[in-house]
Amino acid sequence: MAKFTLNINGTKQEVDVDPSTPVLWVLRDHLNLVGTKYGCGIAQCGACTIHLDGTATRACMTTISSVGNSKITTIEGLSEEGDHPVQKAWLEVDVPQCGYCQAGQIMTASALLEKNPNPTDEEIEMAMNGNICRCGTYTRIKKAVKLAAKS
């Protein structure tokens, strides 16, 4: 076990965990930040997407020891009031069905718009490509990303 001081959603958090522990399990099991979901465990589905210094990152394959001083943002930290433009667009377009993948989808979309505030359809598709939605809401996801880009 080792102690790590993490910057999560703007707050310093200290955890004592095995250095090889994935960030996903530190968030969920040690810090009770359960908005980040477990999907596949091999960084293929995107349900566990968080931001590391603003970059969309799969938490299931990122070890806690590799985080260093990076700022971690989870879905809980994207907006205190749930009023981030992407979250608002998701509701307006009525994107979710089952909702399981949506935190990862929102985190990927918000990272895209932070780096590219006016993406083309192709850029949206490329950025969102690694996020799987079993309900198949891809058309609404793209529409919501475009709507969020306008705000």
Side-chain angles (χ1 to χ4, degrees), residues 6-9 13 15 17-68 70-151:
L6 307 168
N7 181 345
I8 301 176
N9 300 328
Q13 301 270 1
V15 294
V17 296
D18 184 292
S20 65
T21 305
V23 171
L24 173 65
W25 300 118
V26 172
L27 294 171
R28 292 183 61 80
D29 294 347
H30 297 272
L31 300 173
N32 199 33
L33 294 169
V34 296
T36 305
K37 303 297 185 205
Y38 172 78
C40 65
I42 57 172
Q44 297 297 304
C45 74
C48 68
T49 303
I50 58 169
H51 295 172
L52 275 184
D53 289 334
T55 300
T57 304
R58 303 297 197 255
C60 71
M61 295 296 288
T62 304
T63 62
I64 199 67
S65 61
S66 70
V67 170
S70 297
K71 292 180 184 177
I72 297 171
T73 306
T74 67
I75 189 72
E76 293 92 346
L78 192 59
S79 164
E80 285 185 31
E81 303 299 320
D83 60 357
H84 186 280
V86 173
Q87 291 170 311
K88 289 168 64 173
W90 242 245
L91 292 173
E92 187 171 329
V93 176
D94 197 24
V95 171
Q97 284 186 20
C98 83
Y100 196 83
C101 70
Q102 296 307 305
Q105 301 276 3
I106 289 169
M107 295 304 285
T108 300
S110 61
L112 164 65
L113 294 176
E114 188 65 34
K115 289 178 174 48
N116 182 355
N118 192 24
T120 65
D121 285 356
E122 185 178 315
E123 290 167 330
I124 293 169
E125 290 167 10
M126 290 297 294
M128 301 303 295
N129 185 39
N131 289 75
I132 296 172
C133 175
R134 291 179 182 152
C135 300
T137 63
Y138 300 112
T139 303
R140 292 195 312 251
I141 289 167
K142 184 170 26 170
K143 184 177 180 181
V145 173
K146 291 170 85 169
L147 178 61
K150 292 179 184 176
S151 57

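The model shown is predicted, which means the values in this text are computed figures rather than measured ones.
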Cut-off 3.5 Å, no hydrogens considered: what does the side-chain donor-acceptor table look like for residues 48-57, sequence neighbours left out?
from: Thr49; atom 1: OG1; to: Gly46; atom 2: O; distance (Å): 2.7
from: Thr49; atom 1: OG1; to: Arg58; atom 2: NH1; distance (Å): 3.1
from: His51; atom 1: NE2; to: Met107; atom 2: O; distance (Å): 2.7
from: His51; atom 1: NE2; to: Ser110; atom 2: OG; distance (Å): 3.2
from: Asp53; atom 1: OD1; to: Lys71; atom 2: N; distance (Å): 2.7
from: Asp53; atom 1: OD2; to: Ser70; atom 2: OG; distance (Å): 3.2
from: Thr55; atom 1: OG1; to: Lys115; atom 2: NZ; distance (Å): 3.4
from: Thr57; atom 1: OG1; to: Thr55; atom 2: O; distance (Å): 2.9

Heavy atoms only: give me the nearest [X]-[Y] pair and the separation to one decimal.
{"X": "Ala149", "Y": "Leu113", "value": "CB-CD2, 3.8 Å"}
{"X": "Leu6", "Y": "Val67", "value": "CD2-CG1, 4.3 Å"}
{"X": "Ala43", "Y": "Cys40", "value": "N-SG, 3.6 Å"}
{"X": "Ala59", "Y": "Pro22", "value": "O-CB, 3.7 Å"}

Can you check whether Cys101's main-chain N or O pairs, donor with acceptor, with Asn131's side chain at less than 3.5 Å?
no

N/O donor to acceptor pairs below 3.5 angstrom from side-chain atoms of residues 133-141, sequence neighbours left out:
from: Tyr138; atom 1: OH; to: Cys133; atom 2: N; distance (Å): 2.8
from: Tyr138; atom 1: OH; to: Cys133; atom 2: O; distance (Å): 3.3
from: Arg140; atom 1: NE; to: Asp94; atom 2: O; distance (Å): 3.0
from: Arg140; atom 1: NH2; to: Val95; atom 2: O; distance (Å): 2.9

Under a plain distance cut-off of 3.5 Å, with no hydrogens placed, do Glu122 and Thr120 share a side-chain donor-acceptor pair?
no

Go through Asn116 and Glu123 one step at a time and tell me if the side-chain hydrogen bond (donor to acceptor under 3.5 Å, both in side chains) criterion holds.
CA-CA 9 Å; Asn116 182 355; Glu123 290 167 330; 3.1 Å; yes

From CA spacing to verdict: side chain to side chain contact (heavy atoms under 4.5 Å, CB included), Lys146, Asp121
CA-CA 8 Å; Lys146 291 170 85 169; Asp121 285 356; 2.8 Å; yes

Evaluate Thr63 against Thr21 for side chain to side chain contact (heavy atoms under 4.5 Å, CB included), listing each step before the verdict.
CA-CA 5 Å; Thr63 62; Thr21 305; over 6 Å; no

Results of side-chain contact (heavy atoms from CB on, under 4.5 Å) for Ser20 - residues two or more places apart only
Asp18

Donor-acceptor list for residues 23-35 side chains, cut-off 3.5 Å, not counting sequence neighbours:
from: Arg28; atom 1: NH1; to: Val34; atom 2: O; distance (Å): 2.7
from: Arg28; atom 1: NH1; to: Thr36; atom 2: O; distance (Å): 2.9

What residues form a side chain to side chain donor-acceptor pair (under 3.5 Å) with Lys37, not counting sequence neighbours?
none

Once rounded to the nearest 0.5 Å, what's the spacing between atom [atom1] of [X] and atom [atom2] of [Y]?
{"X": "Gln87", "Y": "Gln102", "atom1": "CD", "atom2": "CD", "result": "11.5 Å"}
{"X": "Ile124", "Y": "Asn129", "atom1": "CD1", "atom2": "CG", "result": "13.0 Å"}
{"X": "Asn9", "Y": "Thr73", "atom1": "CG", "atom2": "OG1", "result": "6.0 Å"}

For residues 82-106, which residue pairs qualify under ring pair (Phe, Tyr, Trp, His ring centres under 6.0 Å), counting only residues two or more places apart or in two chains?
none

Should Glu76 and Ile8 be marked as a side chain to side chain contact (heavy atoms under 4.5 Å, CB included) after you check the CA-CA gap, both sets of side-chain angles, and the distance that decides it?
CA-CA 10 Å; Glu76 293 92 346; Ile8 301 176; over 6 Å; no

Report yes if the side chains of Leu112 and Met126 come closer than 4.5 Å at any heavy-atom pair, otherwise no.
no

